[in-house]
Number of protein chains: 2
Amino acid sequence: MQKKPRNPDNFEIELDAQLCFAIYGAAHAFTRTYKPLLEPLGLTYPQYLVMIALWEEDDQPVKAIGDRLGLDSGTLSPLLKRLEQSGLVARKRDRDDERQVRISLTAKGGELRHQATGVAQAIGKAVGCSFDEAVTLRDELIALKQRLIKAGE
Amino acid sequence: MQKKPRNPDNFEIELDAQLCFAIYGAAHAFTRTYKPLLEPLGLTYPQYLVMIALWEEDDQPVKAIGDRLGLDSGTLSPLLKRLEQSGLVARKRDRDDERQVRISLTAKGGELRHQATGVAQAIGKAVGCSFDEAVTLRDELIALKQRLIKAGE
DNA sequence: CGCAATTCAATTGCGCACAATCTAATTACG
DNA sequence: CGTAATTAGATTGTGCGCAATTGAATTGCG
């Protein structure tokens with residue numbers, strides 16, 4: 001894969017686009033790998049992320065979950081309603097600040113954590129690289145994300 | 001960031017989940033970075049990917065574009081209709097195999113390529129890492145994607 | 001105190017992403 | 001040859017992801 005100078009009359013995908021495309025593809029590959037593992041739990045991948053956030057710390061406001069996952073209320077409101085309908089979480093207004101809706105795990109939602117342990121193991125196997133490699137890649141991606149966010153002010 | 005053995009009664013996000021989450025976040029950061037750059041061109045990011053594919057090789061069947069980008073007809077059909085309505089591409093049945101719909105650039109679609117040169121430059125700047133770093137990261141991601149796909153048979 | 005600005009969540013609208021299903025065209029095979 | 005299997009694309013339905021708007025609650029400031 002050689003790098004040629006940009007030539008508007010002889011277009012090639014630039015490295016930046018290749019990198020972006022590689023991330024795009026890897027992200028989709030991840031969600032596709034998670035899908036069959038999460039299906040028995042009745043969760044989609046973004047719902048699983050929300051459950052992880054709640055397993056780490058129960059009874060959080062929507063805003064806190066959104067900050068953690070980088071999602072806004074337009075995404076979370078319907079998603080949380082579906083989790084509520086599945087009987088995994090409860091939604092109640094904070095008494096001290098009635099603007100906030102606090103999300104808490106139901107007994108069923110808390111127990112799902114045990115069924116989910118197999119998921120991480122299966123993913124670890126599918127990732128198929130060493131611990132150190134995974135750490136490095138994770139940190140590079142986090143750094144890249146930070147630079148992109150910073151570049152966008 | 002220390003690694004502790006898995007303990008179902010004291011849950012922590014596993015490295016695999018952290019890696020997945022990092023990719024998820026980086027992918028979103030990329031699309032957010034592209035968004036304001038592509039807006040003046042009247043393109044979304046997936047539409048931009050399709051245009052790149054067509055700038056590389058004009059007059060492709062939907063299937064070929066889908067294979068290139070990892071998208072199916074359920075995603076591409078409406079997307080291509082929008083590109084057609086924007087006057088950037090034309091859709092016509094292949095005469096030799098009427099199952100296929102060939103997508104070709106209009107004059108307007110071809111010219112858009114010149115306006116798009118600034119996009120890659122801006123992304124390159126936002127990515128903010130060296131050429132070698134970007135190459136390495138790209139290749140690691142491609143390898144990871146391949147392993148994930150392979151693990152899913 | 002009282003009004004303006006801010007914050008939080010919900011809602012609306014648009015555009016992917018993908019499974020499942022459908023139709024039409026082509027190819028394979030007995 | 002003719003039927004079955006395959007292939008291409010479109011359609012439908014569900015669920016994100018995000019911008020923009022709304023409405024209610026809270027905070028800040030004169």
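Residue numbers start from 1 in every chain, and the chains themselves are labelled A, B, ... in the order their sequence lines are given, proteins ahead of strands.
The side chain of A/Gln100 sits closest to C/dC8 out of C/dC8, D/dT26, D/dC18. The nucleotide whose nearest atom lies closest to any side-chain atom of A/Thr75 is, among C/dA19, D/dC18, C/dA9, D/dC18. For B/Arg99, the side-chain atoms get nearest to C/dA24 when compared with the rest of C/dC8, D/dG9, C/dA24. Candidate nucleotides C/dA10, C/dA19, C/dA17 were compared by shortest atom distance to the side chain of A/Arg93, and C/dA10 ranks first. Side-chain proximity of A/Glu98 to C/dC16, D/dC16, D/dT26: nearest is D/dT26.
Using a 4.0 Å cut-off, some side-chain N or O of A/Arg82 falls inside it from OP1 or OP2 of D/dC16. Residue A/Lys81 places none of its side-chain N or O atoms closer than 4.0 Å to OP1 or OP2 of C/dA10. In this model, the phosphate group of D/dG17 is not approached by any side-chain N or O of B/Thr31 to a distance below 4.0 Å at OP1 or OP2. Distances shown here put a side-chain N or O of A/Tyr24 below 4.0 Å from the OP1 or OP2 atom of C/dA17.
Of the two residues near DNA chain D, B/Arg102 and A/Asp94, the one whose nearest nucleotide lies more 5' is B/Arg102. In terms of position on DNA chain C, the residue among A/Pro78 and A/His28 whose nearest nucleotide sits closer to the 5' end is A/Pro78.
Put simply, CD on B/Gln47 is 8 Å from P on C/dG15, counting in whole angstrom units. At whole-Å resolution of the value, CD in B/Gln60 and P in D/dG9 are 11 Å apart. Regarding A/Glu84, its CD atom lies at a distance of 13 Å from the C1' atom of C/dA10, rounded to whole Å. Taking atom OH on A/Tyr34 and atom P on C/dA19, their separation rounds to 18 Å, with Å as the unit. Nucleotide C/dG15 holds its P atom 12 Å from the CG atom of B/Leu43, rounded to whole Å. Between the CG atom of B/Leu79 and the P atom of D/dT11 there is a distance of 14 Å, given to the nearest Å. Here the P atom of nucleotide C/dC16 and the CD1 atom of B/Ile65 are 14 Å apart, to the nearest Å. Straight-line distance from the CG atom of A/Leu80 to the C1' atom of D/dG17: 14 Å, rounded to whole Å.
Side-chain atoms of A/Leu76 and A/Ile103, non-hydrogen and from C-beta on, never get closer than 4.5 Å to each other. In this structure, A/Leu112 and A/Trp55 have side chains that are in contact, with non-hydrogen atoms separated by less than 4.5 Å.
The main-chain N or O of B/Gly74 is never found under 3.5 Å from a side-chain atom of B/Ser77 such that the two would form a donor-acceptor pair.
C/dG13: Watson-Crick or G-U partner is D/dC18, with both key distances under 3.5 Å.
Within the nucleic acid shown, A/Gly70 comes within 4.0 Å of sugar-phosphate atoms alone, with no base atom in reach, counting heavy atoms only. Within 4.0 Å (heavy atoms only), A/Leu71 reaches sugar-phosphate atoms of the nucleic acid but no base atom. A/Asp72 comes within 4.0 angstrom of a base, heavy atoms only. Contact annotation for A/Asp67: no contact, since no heavy-atom pair falls under 4.0 Å across all strands. B/Ser77 comes within contact range of at least one nucleobase, with a heavy-atom separation under 4.0 Å.
On a pure distance criterion of 3.5 Å, no polar donor-acceptor pair joins the side chain of B/Ser73 and the base of D/dA8.
With salt bridges taken as basic N to acidic carboxylate O contacts below 4.0 Å, none links A/Arg93 and A/Glu98.
Rounding to the nearest 0.5 Å gives a distance of 10.0 Å between NZ of A/Lys145 and CG of A/Leu148.
Closest non-hydrogen pair, A/Ala90 versus A/Thr106, comes out as N-CG2, 4.1 Å.
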